[in-house]
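Here the structure comes first, spelled out in structure tokens, and everything after it is commentary.
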Amino acid sequence: MKFFVDNALSPWLAEKLRESGHDSVLVREYGMHANDDSIIFDRAVAERRVLVSADTDFGTLLAERTSQWPSYILFRGDLSRVPANQLRTLLINLPSVEEALNSGAIVIFERQRIRVRSLPLF
């Protein structure tokens, strides 16, 4: 799977996703760390990458654009702070959400639950 890891998350996460066999790029690696979220969003669309973030702004962009892509993974609560927990949660649950992500979805990982919403939102 192709991931685009946002600035709100650790570079370690992108590195470990690559080590796990995924095509994972950190926003900073493209020199986009100071760019507006909409520019990052557009790059994810162009490269068909799943956005991975702890920033809820990408959900707002998806709602405003009524787009089916890019898919978006959001870490909330305690998961938004601990890269090792993010990696473990994503890798363990990826098989169950991969089809939704490939079709266009928002996947929200929280400590006690996973929510999946198909795109477009409206």
Side-chain angles (χ1 to χ4, degrees):
M1 182 151 271
K2 294 173 68 172
F3 296 109
F4 201 24
V5 179
D6 185 37
N7 288 327
L9 301 175
S10 170
W12 181 88
L13 179 62
E15 177 185 332
K16 293 300 178 186
L17 285 169
R18 279 192 294 270
E19 289 175 9
S20 298
H22 298 282
D23 181 349
S24 178
V25 177
L26 186 66
V27 168
R28 290 181 202 138
E29 292 173 340
Y30 284 162
M32 299 178 73
H33 51 281
N35 287 70
D36 186 71
D37 285 343
S38 64
I39 304 290
I40 294 166
F41 184 97
D42 291 340
R43 183 71 179 252
V45 170
E47 295 188 11
R48 196 136 172 100
R49 292 187 179 276
V50 174
L51 281 166
V52 183
S53 187
D55 182 352
T56 59
D57 292 345
F58 292 112
T60 302
L61 285 170
L62 280 166
E64 289 172 353
R65 296 183 185 201
T66 62
S67 177
Q68 189 169 345
W69 194 259
S71 286
Y72 167 52
I73 293 172
L74 174 64
F75 292 107
R76 301 228 13 189
D78 294 345
L79 288 176
S80 68
R81 295 181 209 102
V82 183
N85 291 347
Q86 294 162 352
L87 179 67
R88 183 175 48 256
T89 299
L90 179 53
L91 292 179
I92 287 170
N93 293 290
L94 189 56
S96 65
V97 299
E98 189 169 10
E99 185 177 333
L101 290 170
N102 284 329
S103 297
I106 296 174
V107 175
I108 302 169
F109 289 117
E110 297 175 297
R111 179 180 281 283
Q112 299 298 324
R113 67 180 176 165
I114 300 169
R115 290 185 284 162
V116 179
R117 298 212 37 206
S118 295
L119 295 174
L121 294 176
F122 301 104

Spacing of CZ belonging to R49 relative to OG belonging to S24, to within rounding of 0.5 Å: 7.5 Å

Distance (rounded to the nearest 0.5 Å) between L94 CG and E99 CD: 12.0 Å

Closest contact, heavy atoms only, D6 versus S53: OD2-OG, 2.9 Å

Over all atoms of both residues, closest heavy-atom pair of F41 and P70: CZ-CD, 3.4 Å

Under-4.0 Å salt bridge between D23 and R18: no

Nearest heavy atoms of G104 and S71, plus distance in Å: CA-OG, 3.2 Å

Expected output: side-chain S96 to main-chain N93 donor-acceptor under 3.5 Å: yes

Verdict with supporting geometry, V107 and Y72, side chain to side chain contact (heavy atoms under 4.5 Å, CB included): CA-CA 6 Å; V107 175; Y72 167 52; over 6 Å; no

Heavy-atom neighbours of R117 CZ exceed 12 at 6.0 Å: no

K2 and E98 ion-paired at < 4.0 Å: no

N/O donor-acceptor pair under 3.5 Å between Q86 side chain and F75 backbone: no

Aromatic ring pairing H22/F3, orientation class (parallel under 30°, perpendicular over 60°, tilted between): perpendicular

D55 and D37: CA distance, side-chain angles, deciding distance, side chain to side chain contact (heavy atoms under 4.5 Å, CB included) verdict: CA-CA 10 Å; D55 182 352; D37 285 343; 3.4 Å; yes

Side chain to side chain, F4 and E47, heavy atoms closer than 4.5 Å: no

Shortest non-hydrogen contact between L26 and P11, atoms and distance: CD2-CB, 3.5 Å

Nearest heavy-atom neighbours spanning I92 and P95: O-CD, 3.6 Å

Close side-chain approach of V25 and V5, heavy atoms under 4.5 Å: no

Worked verdict on L62 versus W69 for side chain to side chain contact (heavy atoms under 4.5 Å, CB included): CA-CA 8 Å; L62 280 166; W69 194 259; over 6 Å; no

Nearest-0.5 Å distance, CG of residue L90 to CD1 of residue I114: 9.5 Å

Between CZ on residue R81 and OG on residue S10, distance to nearest 0.5 Å: 15.0 Å

Flag side-chain contact, heavy atom, 4.5 Å: F58 against I106: no

Residue of the set V116, V50, L119 for which side-chain contact (heavy atoms from CB on, under 4.5 Å) holds with L101: V50

Considering all heavy atoms, the nearest A54-L74 contact: C-CD1, 3.6 Å

Salt bridge present between R113 and E110 (N-O < 4.0 angstrom): yes

More than 12 heavy atoms of other groups within 6.0 Å of E19 CD: yes

Side chain to side chain contact (heavy atoms under 4.5 Å, CB included) between L91 and L17, worked out: CA-CA 8 Å; L91 292 179; L17 285 169; 4.1 Å; yes

